[in-house]
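Heads up, the thing below is written out as structure tokens.
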Amino acid sequence: QVQLVESGGGLVQAGGSLRLSCAASGSIFSINNMGWYRQVPGKERELVAVIVRAGTMIYAPFVKGRFTISRDNAKNTVYLQMNSLKPEDTAVYYCAASLESYPGDRADDYWGQGTQVTVSS
């Protein structure tokens, strides 16, 4: 059993900042990729940022230097620092992780429950 629990969402004015956190717990041997996605009603879920275990980071073009993803492997936690937020960043943000529960296991994908981020103009 693996759980991803997000925190840090909320309401912020345009230009403000929020920091999202996502902690993975349960039967975890090794976490490969960890990332953040977002979704608004009526649209598909889209990638925001992903970070691999070695530290390589990939960002969606709309991030444009405003967001920073990081991870603490000792805590099985991934963070998303969001600065210069815009109203169009309003969405439910989901944490995702690709991990192995035991040695030799295949990697499976897990998702958090989502946290609402609302940016007012």
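Positions are given from 1 along the sequence.
The closest donor-acceptor contact from the side chain of Q116 to the backbone of G9 lies at 3.5 Å or more, if one exists at all. Distance alone, capped at 3.5 Å, places no donor-acceptor pair between the D89 side chain and the L85 backbone. Judged by distance alone, the side chain of T90 and the main-chain N or O of V119 form a donor-acceptor pair under 3.5 Å. Judged by distance alone, with hydrogens and angles left aside, the side-chain atoms of E100 form no donor-acceptor pair with the main-chain N or O of G104 at under 3.5 Å.
Hydrophobic clustering of Ile, Leu, Val, Met, Phe, Trp and Tyr side chains at less than 4.5 Å, counting indirect connections, keeps V92 apart from M34. Linking Ile, Leu, Val, Met, Phe, Trp and Tyr residues whenever their side-chain heavy atoms come within less than 4.5 Å leaves I69 and V52 in two separate clusters. F62 and M57 fall within a single hydrophobic cluster, where Ile, Leu, Val, Met, Phe, Trp and Tyr side chains are chained together by heavy-atom contacts under 4.5 Å.
The line from CD of E6 to SG of C22 is 5.0 Å long, rounded to the nearest 0.5 Å. For the atom pair CD of Q13 and OG of S121, the computed distance is 9.5 Å after rounding to the nearest 0.5 Å. Here the OG-OH distance, from S30 to Y102, works out to 14.0 Å after rounding to the nearest 0.5 Å. A distance of 10.5 Å separates OH in Y79 from CH2 in W36, rounded to the nearest 0.5 Å. Here CG of L20 is found 9.0 Å from CD of Q81. Values are rounded to the nearest 0.5 Å. For the atom pair CD (Q39) and CD (E46), the distance works out to 9.0 Å, reported to the nearest 0.5 Å.
Looking only at side-chain heavy atoms (C-beta outward), V2 and S101 come within less than 4.5 Å of each other. Side-chain contact check for V50 versus Y37: every heavy-atom pair is 4.5 Å or farther apart.
For the pair R66 and S84, the tightest heavy-atom approach, listed with the atom from each and the gap, is NH1-O, 3.0 Å. Between S27 and L99, the shortest heavy-atom contact is O-CD1, 4.2 Å. Taking both residues in full, the closest heavy atoms of N83 and S17 are given as OD1-OG, 2.9 Å, listed atom of the first, atom of the second, then distance. Across every non-hydrogen atom of A49 and Y59, the tightest pair is CB-CD2, 3.6 Å. The two residues V78 and C95 make their nearest non-hydrogen contact at CG1-SG, 3.8 Å. A pairwise comparison of heavy atoms in L4 and Y110 identifies CD1-O, 3.3 Å as the closest pair.
Under the side chain to side chain contact (heavy atoms under 4.5 Å, CB included) test applied with R71, the options I31, T77, N33, N76 reduce to a single match, I31.
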